[in-house]
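In each ligand, atom 1 is the first atom listed, and ligand 1 is the first ligand listed. Values below: every heavy atom of this structure, side chains too, minus hydrogens, waters and symmetry copies.
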Amino acid sequence: MNEAPREQWGSRFGFVLAAVGSAVGLGNMWRFPYFAAENGGAAFVFLYIIMVALIGLPIMLAEFAIGRGSKKSPILALAHFGGNAWKPLGVLFVLGGFLILSYYAVIAGWTLRYAWNALSVGFGSDPAGFFGEVSTGGDAALWHLLFMAVTVLIVAGGIRAGIERSAIILMPLLALIVVGLAIFASTLPGAGAGYAFYLKADFSELLSLSVLTEATSQAFFSLSLGMGAMLTYSSYLSRDDNMPREAVIIAGSDFMIAFLAGLMVFPLIFALGLSDELSDSTIGALFISLPNAFGEMGAVGRPVGILFFVALLVGALTSAISLLEVVVSAIIDTWKWPRRKAALIMGALITMVGIPSALSIDFLGLVDQLAANLFLVVGAFSLSIFVGWVMPDPIGEVSKGAENIRWLPLWYAFIRYVVPPLLLFVLYFTVINTWNMVTGLIGG
Ligand code: TRP
């Protein structure tokens, strides 16, 4: 067969920005601040950093080892190092990407709608009513479709011309907006109260096992780990990239944006004394409390709101791109479809599977729990077993281009002996949480 040579990133910088683009998304700007505020504030942030270092970084490097080592998409990459028995895990990854994107694009669709409305008419006087209209039914499905169309277009453009180019333009823009808005927020009268709500340290929360579980699955979700997204991106790398260094840069940037998002969101909400509007759902907090604040803020509210939703949209888009790329790269490799056909058909299927999530928030929450918590923990656990115990010479692979890095034996020991038992523990609680959620929904 006459195959085109495998695509490659144009530069190291392009790869890092695309990977940061995958990592930084709704998880940073929406889930992280609220998890932190609800689960011990500064104490949670502290625990989160430890989890990123202890489990997130090792798994990211493990995905890089498999991806660059095999230069294949997830299913074939696992088979390359572990034989056909590991293909089902690759299938789980692709399925995970498929499912996560199906509802992620629904929330991104709301974001697109909010950004559009902010630009065209501003923020109305009934944020809760507006959210109700945007978030369910035909409206939600329509904007979900629009968002997916943009995602498909970029992925169809390929690694360099599509994914890398969009990341190089969009990621600096996002960083600029988030830093700018966090600085602006610090000048608001409610800043102190907002920071206190976000970061008031409560170390007693950390003793709860569910907080530990939440911190771990949040780390995986935020770093795009556990389902082959980082694996796929690293399969387009050349041999001489320093992967341990890139992993530290990517995880560090992801954390910084999440942390800054909290510094931006809470002062905005507290500036107008709207804290009692903080609904108990994190979704509502982002899409109701903040637009409310923008609406009440006077003349600056509109530009600030526009910037906020543009940043959120950019984050969601570069993340959705990576989710679709996992599915598309697997189809290109296994069925030898051309990229455009794979992007278009898979994008259309994912859009269809997302329709029930567009019609019902309860359904969306259920898919989120299944795919983003359960699948990712199972995926990450399996990855640690694979790289720790099955793949031949992972240290050798990771050392290429990283001869100066001396902690790789420590990394390997972690992946073998520390990460699997920790994740087994987390998995146990994730299964219980998922079970409770399913029976809760069924039982009404
Ligand atoms: N990391 C993204 C966020 O924080 C979401 C995401 C993109 C993702 N790709 C992923 C999550 C792969 C898990 C796996 O919003």
Side-chain angles (χ1 to χ4, degrees), residues 17-36 48 52 55-56 59-60 62-64 67 73-74 90 92-111 147-148 151 154-155 163 166-167 170-171 174 178 214-234 247 250-251 253-262 282-283 286 311-330 350 367-380 382-383 430:
L17 282 186
V20 172
S22 169
V24 172
L26 297 169
N28 301 63
M29 305 179 63
W30 154 59
R31 272 174 110 181
F32 180 84
Y34 280 88
F35 273 10
Y48 180 78
V52 166
I55 306 188
I59 296 281
M60 187 182 293
E63 289 206 22
F64 285 173
S73 59
L92 181 82
F93 286 171
V94 175
L95 204 68
F98 196 100
L99 280 183
I100 295 179
L101 183 53
S102 78
Y103 74 86
Y104 197 86
V106 170
I107 304 175
W110 308 343
T111 309
F147 178 84
M148 280 301 296
T151 309
I154 295 176
V155 172
I163 300 178
S166 62
L170 293 175
M171 292 320 289
L174 182 145
V178 172
E214 298 271 23
T216 311
S217 43
Q218 171 62 15
F220 289 149
F221 187 83
S222 188
L223 293 170
S224 303
L225 297 176
M227 48 136 290
M230 290 299 172
L231 187 165
T232 303
Y233 271 14
S234 67
I250 294 162
S253 318
D254 184 65
F255 171 74
M256 280 315 294
I257 299 279
F259 185 70
L260 278 173
T282 53
I283 295 184
L286 191 58
L312 200 60
L313 181 63
V314 163
L317 180 61
T318 51
S319 297
I321 289 170
S322 76
L323 287 161
L324 183 58
E325 177 61 23
V326 171
V327 179
V328 165
S329 76
I350 292 169
V367 187
D368 177 48
Q369 173 67 24
L370 262 182
N373 289 326
L374 192 59
F375 274 37
L376 296 189
V377 178
V378 171
S382 315
L383 276 167
T430 309

Requested in this report: Begin with the C-alpha distance, continue with both residues' side-chain angles, and end with the deciding distance and a verdict on ring-ring contact (aromatic ring centres under 6.0 Å, His included) for Tyr48 and Phe32.
Outcome: CA-CA 10 Å; Tyr48 180 78; Phe32 180 84; 5.0 Å; yes

Between ligand 1 and the protein, give all atom pairs where both partners are nitrogen or oxygen and the distance is under 3.5 Å, as lines of names plus distance to 0.1 Å.
unit_1   : atom_1 : unit_2 : atom_2 : d
ligand 1 : 1 (N)  : Ser22  : O      : 3.1
ligand 1 : 1 (N)  : Ala23  : O      : 2.9
ligand 1 : 1 (N)  : Phe221 : O      : 2.8
ligand 1 : 1 (N)  : Ser222 : O      : 3.2
ligand 1 : 1 (N)  : Ser224 : OG     : 3.0
ligand 1 : 4 (O)  : Ala23  : O      : 2.9
ligand 1 : 4 (O)  : Gly27  : N      : 3.4
ligand 1 : 4 (O)  : Asn28  : OD1    : 3.3
ligand 1 : 9 (N)  : Ser224 : OG     : 3.2
ligand 1 : 9 (N)  : Ser322 : OG     : 3.2
ligand 1 : 15 (O) : Leu26  : N      : 3.1
ligand 1 : 15 (O) : Gly27  : N      : 2.9
ligand 1 : 15 (O) : Tyr104 : OH     : 2.6

Query raised in the report: Sequence neighbours excluded, which residues qualify as side-chain hydrogen bond (donor to acceptor under 3.5 Å, both in side chains) partners of Ser224?
Result: Ser22

**Report entry** Any residue meeting side-chain hydrogen bond (donor to acceptor under 3.5 Å, both in side chains) with Ser73, in chain and number order, not counting sequence neighbours
**Finding:** Asp333

Query raised in the report: Can you check side-chain contact (heavy atoms from CB on, under 4.5 Å) on Thr111 and Leu26, steps first, answer last?
Result: CA-CA 10 Å; Thr111 309; Leu26 297 169; 4.3 Å; yes

Requested in this report: Could I get the full list of side-chain hydrogen bond (donor to acceptor under 3.5 Å, both in side chains) partners for Tyr233, not counting sequence neighbours?
Outcome: none

Report summary line: Met171 and Thr318 have their tightest heavy-atom pair at SD-OG1, 3.7 Å

